[in-house]
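Below: the structure, in structure tokens.
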Amino acid sequence: MSQTIKSQQQPPLELQAGRECPAVNSNDGHKSRVAVIGSGNWGTVAAKLIASNTLKLPSFHDEVRMWVFEETLPTGEKLTDVINKTNENVKYLPGIKLGKNIVADPDLENAVKDANMLVFVTPHQFMEGICKRLVGKIKEGAEAISLIKGMEVKTEGPCMISSLISNQLMINCCVLMGANIANDIAVEKLSEATIGYREKGEIAEKWAQLFSTPYFMVSAVEDVEGVELCGTLKNVVAIAAGLVDGLEMGNNTKAAIMRIGLREMKTFSKLLFPSVKDSTFFESCGVGDLITTCLGGRNRKVSEAFARNGGRRSFDDLEAEMLQGQKLQGVSTARDIYGVLRHRGWLELFPLFSTVHEISTCRLPPSAIVKYNLQKPVLT
Ligand SMILES: NC(=O)c1ccc[n+]([C@@H]2O[C@H](COP(=O)([O-])OP(=O)(O)OC[C@H]3O[C@@H](n4cnc5c(N)ncnc54)[C@H](O)[C@@H]3O)[C@@H](O)[C@H]2O)c1
């Protein structure tokens with residue numbers, strides 16, 4: 001289901017730094033208000049995309065609130081103040097001007113209080129705390145979408161981030177994943193994304209409308225878990241691809257790792273959620289995201305450095321040095337998946353996933369990524 005956006009252009013609001021939401025006038029009663037919870041690299045680009053559309057779409061308020069986890073910059077200024085003053089997220093998306101209708105807000109509750117469309121886009125490890133803070137604080141009837149790649153693992157089993165949001169906040173939650181390296185979308189290079197929704201209806205279309213631009217092509221499938229697991233699991237395969245790059249094994253080996261990784265992604269997803277559809281793996285969220293993440297992407301890059309150092313420097317060290325505050329997802333996801341595999345007695349079925357974890361925790365050397373029995377057949 002590809003969406004086209006309406007073209008009616010509305011005059012932009014001249015929003016001033018940090019000011020309160022404009023008073024809602026009687027004609028605005030039915031308009032949707034959007035808040036973006038998160039302002040890292042992808043969070044900021046997502047806000048930029050959305051804000052370009054809220055200006056054009058009459059069914060949305062122009063203003064997009066973006067919650068910022070407040071930081072003090074080396075200059076002594078607050079990141080929020082700088083974003084509102086310069087229309088630029090100088091820390092996580094330097095050099096890119098954001099729409100003036102984006103208002104950065106360091107107060108989480110204030111950022112969401114008037115919104116009925118909530119876009120969650122923070123590193124997954126912070127989501128449980130964020131949801132706890134938002135219980136009872138969001139507008140009745142609000143809808144959510146998660147752009148977050150990762151999962152929470154609890155003693156009772158894995159919990160997808162969309163389920164965490166739905167269960168804690170008692171709201172419906174769609175997901176949006178895809179071959180989306182944020183810096184490329186920031187400069188408006190063509191890319192695709194997939195929305196996963198639970199039930200056919202207006203909301204999936206509304207989300208597609210909010211995100212679609214001529215350079216960001218959005219389709220939608222009825223498979224929340226499939227889309228979200230693709231986005232989550234490919235980061236583990238990207239760690240394996242980075243190891244192969246660091247070992248200078250070449251493209252045949254990398255293709256093998258990607259193919260085996262995709263097979264494990266599909267098998268794991270279907271074992272956890274039998275409703276997951278095969279066709280989802282052929283969408284942008286599946287094979288598209290896997291390819292881009294294994295060719296570019298921060299997980300691949302840091303993992304390559306790990307292998308080049310012969311595993312002597314930890315992923316934590318390299319993350320801090322190479323990513324300047326951005327977060328690596330693949331290593332923690334590999335650890336979480338390993339916990340699920342061990343708990344369920346599935347370790348032998350997933351040699352690539354388990355080897356990535358054993359390498360990242362230094363129980364195996366980087367070279368083990370091509371020495372383990374990766375050919376062992378897994379269930380399909
Ligand atoms: N960057 C990409 O290209 C990209 C693309 C698609 C999806 N994603 C996914 O989007 C999600 C967000 O990634 P990102 O790239 O926007 O973030 P990021 O890794 O660039 O930045 C980290 C963010 O976390 C915030 N933060 C730090 N400590 C925090 C805390 N204690 N509580 C709350 N927030 C805290 C920082 O302020 C910053 O905004 C991740 O799940 C990621 O996998 C990223």
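Both counts, for ligands and for their atoms, begin at 1 and track the order of listing. Side chains are part of it too, since the values below use all heavy atoms of this structure and drop only hydrogens, waters and symmetry mates.
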What part of [X], side chain, backbone, both or neither, has a heavy atom within less than 4.0 angstrom of ligand 1?
{"X": "Ile181", "answer": "backbone"}
{"X": "Thr44", "answer": "neither"}
{"X": "Gln326", "answer": "both"}
{"X": "Glu71", "answer": "side chain"}

For [atom], what is the closest protein heavy atom, and at what distance to 0.1 Å?
{"atom": "atom 5 (C) of ligand 1", "answer": "Asn180 O, 2.9 Å"}
{"atom": "atom 36 (C) of ligand 1", "answer": "Tyr92 OH, 3.4 Å"}
{"atom": "atom 20 (O) of ligand 1", "answer": "Asn41 N, 2.9 Å"}
{"atom": "atom 41 (O) of ligand 1", "answer": "Lys149 N, 3.0 Å"}
{"atom": "atom 17 (O) of ligand 1", "answer": "Gly40 CA, 3.6 Å"}

Got Pro365 and Ile359 here, is their nearest side-chain heavy-atom distance under 4.5 Å? no
Taking only heavy atoms of [X], which atoms of ligand 1 are found under 4.0 Å from at least one of them?
{"X": "Leu147", "result": "7 (C), 9 (C), 10 (O)"}
{"X": "Lys327", "result": "19 (O)"}
{"X": "Gly43", "result": "16 (O)"}

Between ligand 1 and [X], can you find any atom pair, the residue atom being a heavy atom, that is separated by under 4.0 Å?
{"X": "Gly150", "value": "no"}
{"X": "Ser39", "value": "yes"}
{"X": "Gly325", "value": "yes"}

Nearest non-hydrogen partners of Leu147 and Ala46, listed with the distance: CD2-CB, 3.7 Å
Any ion pair linking [Y] and [X] (charged N to carboxylate O, less than 4.0 Å)?
{"X": "Arg198", "Y": "Asp223", "answer": "no"}
{"X": "Lys200", "Y": "Glu222", "answer": "yes"}
{"X": "Arg300", "Y": "Glu304", "answer": "yes"}
{"X": "Lys206", "Y": "Glu143", "answer": "no"}

Parallel, tilted or perpendicular: which fits the ring planes of Phe126 and Phe69, with parallel below 30° and perpendicular above 60°? parallel
Look only at interatomic distance and state if [X] has a nitrogen or oxygen under 3.5 Å from any nitrogen or oxygen of ligand 1.
{"X": "Asn235", "result": "no"}
{"X": "His124", "result": "no"}
{"X": "Ala182", "result": "yes"}
{"X": "Pro123", "result": "no"}

For Lys254 and Asn251, test the side chains for any donor-to-acceptor distance below 3.5 angstrom and give the result as yes or no. no
We want to know whether Ser163 and Asn167 form a side-chain donor-acceptor pair, criterion being a heavy-atom distance below 3.5 angstrom. no
Might you work through the side chain to side chain donor-acceptor pair (under 3.5 Å) test for Lys78 and Thr72, ending with a clear yes or no? CA-CA 5 Å; Lys78 298 282 184 208; Thr72 305; 3.3 Å; yes
Grouping I, L, V, M, F, W and Y whenever their side-chain heavy atoms are under 4.5 Å apart, do Val119 and Leu57 come out in a common cluster? yes
Full working for salt bridge (charged side-chain N to carboxylate O under 4.0 Å, His left out) between Glu77 and Lys85: CA-CA 11 Å; Glu77 295 166 290; Lys85 208 160 52 189; 3.2 Å; yes
To which of [options] does the heavy atom nearest [atom] belong?
{"atom": "atom 29 (C) of ligand 1", "options": "Trp42, Phe126, Trp67, Phe120", "result": "Phe126"}
{"atom": "atom 40 (C) of ligand 1", "options": "Thr122, Leu79, Leu108", "result": "Thr122"}
{"atom": "atom 1 (N) of ligand 1", "options": "Glu70, Gln324, Arg298", "result": "Arg298"}

Relative to Tyr338, does Arg363 satisfy both conditions: NZ or CZ under 6.0 angstrom from the six-membered ring centre, and within 45 degrees of the ring's axis? yes
